[in-house]
Amino acid sequence: MKRLDRNFFIRDVLEVAPELLGKILVIKKDGKIERYMITEVEAYRGEEDLACHASKGKTRRNEVMYDIGGKIYVYLIYGMYWMLNFVTGEKDKPQAALIRSIEGFDGPGKLTKHLKIDKSFYGEDLTTSKRIWVEENINKNNFEIMSLPRVGIDYAGEYWKNVPWRFLLKK
DNA sequence: AGCAAGATCGGT
DNA sequence: CCGATCTTGCTG
């Protein structure tokens, strides 16, 4: 039941993203605390990553990615679905881990709908927030991890499209 | 001011 | 495969 602190999130996204697998996402919803194991994550890393929203520089939408690791980046896609991301790394190194699945809810749009995550979570700090944070998993430590190319980024070109930065738990 | 596209999803 | 749905970022 130990909350992950700044030191966890301030590292490179390629270290943080796979380590998020098996950790527990805790959220206060309608006054009740709920816990879900994280089962699938994708890494978006720096302005050079053509699939990353920071590839076109800092904008009002993505500016929180340039903040210190531990913040939340949420944005609306296709006019309907909120995407939940954890900012990682040092300040001014734009990176984030997209939470794609939690136990029971496969799909980034489906999990935010269930958790009632929206624009109001933008910029929230996972290390201090009273309504959302991440905890160690006290039951399990050893997970088998698989990595695959990221989903839905055909526009990013051959190289970035195929980099295996999607991490999921092997069943 | 106008427009094209999007880190998705559910139904044909 | 296709449409829903609307914010964003780019162009002019």
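Just so we're on the same page: letters track the sequence lines, and every chain starts at 1.
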Item to check | Residue closer to the 5' end of DNA chain C, A/Lys119 versus A/Met80 (nearest nucleotide) | outcome: A/Met80
Next on the checklist: Can you tell whether the side chains of A/Asp125 and A/Lys130 come within less than 4.0 Å, N to carboxylate O?
Outcome noted: no
Item to check | Beyond-backbone contact of A/Tyr75 with A/Lys119, side-chain heavy atoms, under 4.5 angstrom | outcome: no
Next on the checklist: Can a donor-acceptor pair be found, under 3.5 Å and without considering hydrogens, that links the side chain of A/Arg3 to the backbone of A/Glu136?
Outcome noted: no
Checklist entry - Does the side chain of A/Arg61 get closer than 4.0 angstrom to OP1 or OP2 of C/dG9 through an N or O atom? => result yes
Checklist entry - How long is the line joining CD of A/Glu40 and P of B/dA7, in whole Å? => result 16 Å
Next on the checklist: Once hydrogens and angles are ignored, does a donor-acceptor distance under 3.5 Å link the base of B/dA7 to the side chain of A/Tyr75?
Outcome noted: yes
Checklist entry - To the nearest Å, how far apart are A/Leu50 CG and B/dG6 P? => result 13 Å
Item to check | A/Ile77 CD1 - C/dA4 P separation (whole Å) | outcome: 17 Å
Checklist entry - Taking a pair as Watson-Crick or G-U wobble with both distances under 3.5 Å, which nucleotide is matched to B/dA5? => result C/dT7
Checklist entry - Below 4.0 angstrom from OP1 or OP2 of B/dT8, is there any side-chain N or O of A/Arg100? => result yes
Checklist entry - May A/Tyr155 be described as stacking on the base of B/dA5, applying a 5.5 Å centroid limit and a 30° limit on plane angle? => result no
Item to check | Separation of atom CG in A/Asp118 from atom P in C/dT7, rounded to whole Å | outcome: 13 Å
Item to check | Distance, rounded to the nearest Å, where A/Lys56 contributes NZ and C/dT7 contributes C1' | outcome: 14 Å
Checklist entry - What's the closest nucleotide to the A/Ile153 side chain, out of B/dT8, C/dT8, B/dA7? => result B/dA7
Checklist entry - Considering only C/dT8, B/dA7, C/dA4, which nucleotide approaches the side chain of A/Met65 most closely? => result B/dA7
Item to check | Side-chain N or O of A/Tyr81 closer than 4.0 Å to phosphate OP1/OP2 of B/dA7 | outcome: no
Next on the checklist: Classify A/Leu98 by what it touches in the nucleic acid, base, sugar-phosphate, or nothing, heavy-atom distance under 4.0 Å.
Outcome noted: base
Item to check | Donor on one side chain, acceptor on other, A/Glu124 and A/Tyr122, under 3.5 Å | outcome: no
Next on the checklist: Base, sugar-phosphate or nothing for A/Met83? Non-hydrogen atoms, less than 4.0 Å.
Outcome noted: sugar-phosphate
Checklist entry - What nucleic acid atoms does A/Gly79 come within less than 4.0 Å of, heavy atoms only: base, sugar-phosphate, or nothing? => result base
Next on the checklist: What is the separation between atom NE2 on A/His53 and atom P on C/dC10, rounded to the nearest whole Å?
Outcome noted: 12 Å
Item to check | Atom P, compared across C/dT5 and B/dG2: separation rounded to whole Å | outcome: 22 Å
Next on the checklist: From CG of A/Asn62 over to P of B/dA7, roughly how many Å is that when rounded to an integer?
Outcome noted: 12 Å
Item to check | Nearest-angstrom distance from the residue atom CZ of A/Phe167 to C1' of B/dA7 | outcome: 15 Å
Checklist entry - How would you label the contact of A/Arg150 with the nucleic acid (heavy atoms, under 4.0 Å): base, sugar-phosphate, or nothing? => result nothing
Next on the checklist: Looking only at side-chain N and O atoms, does A/Glu103 offer a donor or acceptor that is under 3.5 Å from a partner on A/Thr39?
Outcome noted: no
Item to check | A/Lys110 vs B/dG10: side-chain N/O to OP1/OP2 distance below 4.0 Å | outcome: yes
Checklist entry - Among side-chain atoms of A/Glu47 and A/Tyr66, is any donor-acceptor pair under 3.5 angstrom? => result yes
